[in-house]
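Quick notes on the structure that follows.
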Amino acid sequence: MASITSDMKVARVIQDWPDTVEVFFSHGCPDMRAGFFGIMARVMSVRNAARMHRIPLDRLLSDLNRAAAAPSKEVVASEEPA
């Protein structure tokens, strides 16, 4: 499994590991999936996002990688036998 690095673009991180959006939220970042911030996320690296929001880079990377490695929180509907 690939790990999230400081040079990756925020939009790619959120696209590849959707649960990481909650990590950005928990660190005070705005929703970077749409609108102006969605555009910025395409060009902003994780390192720059950490700097802009005054988040220690090592803590952000650790939290992002932990979320990326965890099983997805998405609910999968199970099929019941007929």
Side-chain angles (χ1 to χ4, degrees):
M1 175 181 154
S3 64
I4 298 169
T5 67
S6 61
D7 295 325
M8 288 180 166
K9 302 300 182 202
V10 171
R12 176 178 170 213
V13 171
I14 293 171
Q15 177 184 340
D16 290 354
W17 299 279
D19 291 339
T20 59
V21 75
E22 295 298 327
V23 174
F24 286 109
F25 289 160
S26 73
H27 285 284
C29 296
D31 189 346
M32 295 184 278
R33 296 173 291 180
F36 172 77
F37 293 109
I39 294 168
M40 292 302 298
R42 292 183 200 158
V43 297
M44 183 180 292
S45 68
V46 172
R47 176 190 325 275
N48 287 337
R51 185 179 303 136
M52 177 180 278
H53 295 285
R54 300 175 194 249
I55 306 165
L57 180 60
D58 58 339
R59 184 184 315 160
L60 180 59
L61 285 171
S62 175
D63 291 349
L64 288 170
N65 279 298
R66 187 173 21 259
S72 178
K73 291 187 241 178
E74 292 181 7
V75 177
V76 178
S78 62
E79 292 184 25
E80 294 184 23

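We use all heavy atoms of the structure for the numbers below, so side chains are in, but hydrogens, waters and symmetry mates are not. We're numbering straight along the sequence, starting at 1.
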- Message: Between R47 and D7, does the side-chain contact (heavy atoms from CB on, under 4.5 Å) criterion hold? Intermediate values first, please.
- Response: CA-CA 6 Å; R47 176 190 325 275; D7 295 325; 3.0 Å; yes

- Item | Approximate separation, where rounding is to 0.5 Å, of M40 CE and N48 CG | 9.0 Å

- Task: Give the C-alpha distance, both sets of side-chain angles, the deciding distance and a yes or no for side-chain contact (heavy atoms from CB on, under 4.5 Å) between I4 and L61.
- Result: CA-CA 7 Å; I4 298 169; L61 285 171; 4.2 Å; yes

- Note on the structure: In this structure, OG of S45 is separated from CE of M8 (nearest 0.5 Å) by 11.5 Å

- Mind listing the closest non-hydrogen atom pair of T20 and A68 along with its distance? CG2-N, 4.3 Å

- Query: Would a hydrophobic clustering, with Ile, Leu, Val, Met, Phe, Trp and Tyr connected at side-chain separations under 4.5 Å, put F25 with M52?
  - Reply: yes

- Message: Is there a path of hydrophobic side-chain contacts, each under 4.5 Å between heavy atoms, that joins L57 and W17?
- Response: yes

- Message: Do L60 and V23 make a side-chain contact, defined as non-hydrogen atoms from C-beta onward lying under 4.5 Å apart?
- Response: yes

- Which pair of non-hydrogen atoms, one from K9 and one from V43, has the smallest distance, and what is that distance? NZ-O, 3.4 Å

- Note on the structure: Residues M32 and A41: closest non-hydrogen pair is O-CB, 3.6 Å

- Task: Kindly determine whether C29 and V10 satisfy side-chain contact (heavy atoms from CB on, under 4.5 Å), including the steps that lead there.
- Result: CA-CA 11 Å; C29 296; V10 171; over 6 Å; no

